[in-house]
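These numbers come from a predicted model, not from an experiment. Chain letters run A, B, ... following the sequence lines, proteins first and then strands; every chain starts at 1.
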There are 2 protein chains.
Amino acid sequence: MGASLGEGARRKTAGSALARQQVLRLGDTSGRIVVLRQGWALRSAMTSDGRRQVLSILLPGDIAGGEFLLRDKVRMPVQSVTPVEYCSFDIAYLKEITDKSPAFIWTFVDLCLSSREASEDRLIDLGRRNAEQRLARLILDLHRRLGEKGLSDGATIPFPLRQQTVADALGLTQVHVSRVMRSLRQSCILQTKAGQLTILDMDALMAIAEFYET
Amino acid sequence: MGASLGEGARRKTAGSALARQQVLRLGDTSGRIVVLRQGWALRSAMTSDGRRQVLSILLPGDIAGGEFLLRDKVRMPVQSVTPVEYCSFDIAYLKEITDKSPAFIWTFVDLCLSSREASEDRLIDLGRRNAEQRLARLILDLHRRLGEKGLSDGATIPFPLRQQTVADALGLTQVHVSRVMRSLRQSCILQTKAGQLTILDMDALMAIAEFYET
DNA sequence: ATCATTTCTTAACTTATGTTATAAACCCAC
DNA sequence: GTGGGTTTATAACATAAGTTAAGAAATGAT
């Protein structure tokens, strides 16, 4: 499972994990900020009766452990989708940095706020949009984020997510995700092949996602 | 509409509004942090086809404008439910404070993170829980928050929300909220009267909300 | 290549929630 | 207190999404 976290007071550590591993376990004592360097991961929660809700899909550069300051235990576990590489900082290290250059902390506040915005956008999706809209928006969001990181190839993006994972992110079932994907494929809006997803009709996808009309 | 915001560079201003007024308008230039002092308010978003999603229900002491640092325009409008009183700080003022006592900023970071946790909890509700569970959790959440602020009377809390508002918060319709409330009333789990809500059977409500079983 | 496992597809059927409509209850201004 | 607007209750009906199940396709290990 790669170099593990929480082994003493090392300022900065690096680690890696295979696909489908728990990277941060529920209840782990963390005290560290984890940054994903390579690969895809999920931050998710389980309900008491075993349903899963994916809270965020993590791409390279994203911060995995966000609760570090609020609580000493990991509340939302993180698991790898693909093989991943990550690094982590001790929180004490972050505090040292900000003591030296206080302005830096605002970058960090921005990060917190923008992750809140992201989760509120998902809230609107789950509360007020149907399955097709939710899927369209998820794909466009991934397309944008991957593009910003130089990880997309035009309209084609890597897409390592299982349908069950997409379902857990969108508050749907795997069967329904399959239905909606079929519909989008049959409308020639998108195409999937070998872990890649291609947007064939960006306008149509954006229309479904309500990215146009005011 | 009370003393308005953004009238020059005043460090701190106070204001008030009647019930059902826009307190922060979409697109307003804000640059200020608004703290609710009295009354209830809503932070909400609209979809392009006019559906509303309530992102958070604000109680006295809560921060209304959260986007101030990320963007100069209000993205999620805030409207009063009851008559409200609020005060606001210029962001520059916050920066001054944190320059003087840098440790204070961590309180602020905590605030950001805990509001993200709150919205992620809602995300789990909307993605993976049914209408009855969502309503039970909303009521328990309000009961807890009001209790912490000394605004509840044992099992009885003020409840100024319209069913439509509850529906917009839970991703449901007003009609369905009415149905679920009836069911909870008929099960003698709760009671509503004159803008007050009383939890008659806390155990049953917590069981529905999945606050027990692991 | 072959087998085992996982994931995806599809169909038939069920259900929770949405929609529409109407009447009753409530609230407030005069 | 009366009257008009808002909010809630309820019913009948519609539909998006869930459930279950079984086979096909993809993936991974040997």
inquiry  = From NE2 of His176(B) over to P of dG18(C), roughly how many Å is that when rounded to an integer?
reply    = 6 Å

remark   = Comparing Asn130(A) with Gln164(B), nearest DNA chain D nucleotide closer to 5' gives the residue Gln164(B)

ask   = Where the side chain of Arg162(B) is concerned, which of dC8(C), dT8(D), dA17(D) is the nearest nucleotide?
value = dT8(D)

inquiry  = Whether the side chain of Ser56(A) engages the backbone of Arg43(A) through a donor-acceptor N/O pair (distance < 3.5 Å, no angle test) should be reported.
reply    = no

request  = Indicate whether any N or O donor in one side chain lies under 3.5 Å from an N or O acceptor in the other, for Ser44(A) and Gln79(A).
outcome  = yes

request  = Would you mind telling me which of dG18(D), dT17(C), dT20(C) lies closest to the side-chain atoms of Val175(B)?
outcome  = dT20(C)

message = Without decimals, in angstroms, what is the distance between Leu172(B) CG and dA17(D) C1'?
response = 14 Å

Thr173(A), nearest nucleotide to its side chain (from dA9(D), dT10(C), dG18(D)) = dG18(D)

request  = Answer with base, sugar-phosphate or nothing: what part of the nucleic acid does Arg20(A) contact at a heavy-atom distance below 4.0 Å?
outcome  = sugar-phosphate

query = Roughly, in whole Å, what's the span from CD in Gln174(B) to P in dA9(D)?
reply = 8 Å

ask   = Taking atom P of dT27(D) as reference, at what distance in whole Å does atom CZ of Phe159(A) sit?
value = 14 Å

task = Answer whether the closest heavy-atom distance between the side chains of Ser178(B) and Gln163(B) falls below 4.5 Å.
result = yes

query = In terms of side-chain heavy atoms of Ala131(B), which of dA9(D), dT17(C), dT9(C) is nearest?
reply = dT17(C)

inquiry  = For residues 185-196 of chain A, which residue pairs pass the side chain to side chain donor-acceptor pair (under 3.5 Å) check, not counting sequence neighbours?
reply    = none

task = Tell me which residues in residues 179-199 of chain A put a heavy atom below 4.0 Å from DNA chain C, sorted by number, or none.
result = Arg179(A), Arg182(A), Arg185(A)

ask   = Any sub-3.5 Å donor-acceptor pair from Arg134(B)'s side-chain atoms to Leu170(B)'s backbone N or O?
value = yes

